[in-house]
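The structure under discussion appears below in the form of structure tokens.
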Amino acid sequence: MCVAQPFGRCHKCDGLGFALKHDRKGRPKRGKHCRRCNGHGIRIRRGRHLWNLWARTYRQGTTPAPKHPAQKG
Ligand SMILES: [Zn+2]
């Protein structure tokens with residue numbers, strides 16, 4: 001299942017970091033360097049849901065800030 005993780009597998013290279021090619025004998029061969037994930041095979045997921053989770057954790061870990069820190073105008 002696809003759970004909420006900060007890193008997701010690259011769909012283009014399926015987490016390999018490079019494209020798979022097969023030579024004439026049918027053996028898997030390392031192809032082009034995946035530029036989508038820069039060869040890491042993982043991609044960072046950034047979503048509003050994750051942001052909310054992080055923000056909540058961050059607030060709990062810090063002391064309560066003043067309601068209106070800096071009013072402009
Ligand atoms: Zn990739």
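The analysis underlying the following values was restricted to heavy atoms, covering all of them including side chains, and did not include hydrogens, waters or symmetry mates. In listed order, ligands and their atoms are each counted from 1. Numbering of residues begins at 1 and proceeds along the displayed sequence.
With rounding to the nearest 0.5 Å, the separation of CZ in R24 from NZ in K29 is 10.0 Å.
Neighbours of the Zn ion (ligand 1) restricted to protein N, O or S atoms under 2.8 Å: the count is 4.
Residues F18 and G31 approach most closely at CD1-N, 4.0 Å, considering heavy atoms.
Of the candidates D14, L16, I42, R9 forms a side chain to side chain contact (heavy atoms under 4.5 Å, CB included) with just one, namely D14.
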Pairs of donor and acceptor atoms involving the side chains of residues 33-40, under 3.5 Å and at least two apart or interchain, shall be tabulated with distances.
{"residue": "H33", "atom": "NE2", "partner": "N38", "partner atom": "O", "Å": "3.4"}

